[in-house]
Amino acid sequence: MKRQAKAIDGFKAGCEFERQRIRDIVELDEARGREGAALFLALRGDISKQLAKELLNTIAAGPVPTFSTRVLIPRHLRVAAETSLRTTS
């Protein structure tokens, strides 16, 4: 039982280390405008943060994406809301 608990603790520590490595790569300054490449490199388990930084510097940066803050709602709910607004106006 103790052996199993140690194995589980080791697995958890490895998972946390991997999550942190991925987070570090995706949040690099060099990842701005190269988000797709950064994510690709981060998800490969054999790339260190320093190597990812060097590789990202070799890729031309594109425009930084902007994300919409608009809440997306299903089409049928949007149509129903628009219809009800039209009939009450």
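Side chains included, hydrogens not; waters and symmetry mates left out as well; all remaining heavy atoms used.
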Roughly how far, to the nearest 0.5 Å, is the [atom2] atom of [Y] from the [atom1] atom of [X]?
| X | Y | atom1 | atom2 | value |
| --- | --- | --- | --- | --- |
| Lys2 | Asp9 | NZ | CG | 13.0 Å |
| Thr58 | Glu30 | OG1 | CD | 11.0 Å |
| Ile22 | Glu27 | CD1 | CD | 11.5 Å |

- request: Output yes when a side-chain donor or acceptor of Arg32 lies under 3.5 Å from a complementary backbone atom of Gly62, and no otherwise.
  value: no
task: Say whether, by atom type as modelled, one donor and one acceptor occur between the side chain of Glu35 and the main chain of Gly33 under 3.5 angstrom.
output: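 Flag set: sc Glu35 to bb Gly33 pair under 3.5 Å.
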Please set out all donor-acceptor pairs under 3.5 angstrom arising from side-chain atoms of residues 36-43, sequence neighbours excluded.
none

- request: Decide if atom CD of Glu16 counts as having more than 12 heavy atoms of other residues, nucleotides or ligands within a radius under 6.0 Å.
  value: yes
query: If you group Ile, Leu, Val, Met, Phe, Trp and Tyr by side-chain heavy-atom gaps below 4.5 Å, do Leu28 and Ile47 land in one group?
result: yes
- request: Sequence neighbours left out, what pairs pass side-chain hydrogen bond (donor to acceptor under 3.5 Å, both in side chains) with at least one residue falling in residues 36-55?
  value: Arg44-Asp46, Gln50-Glu54
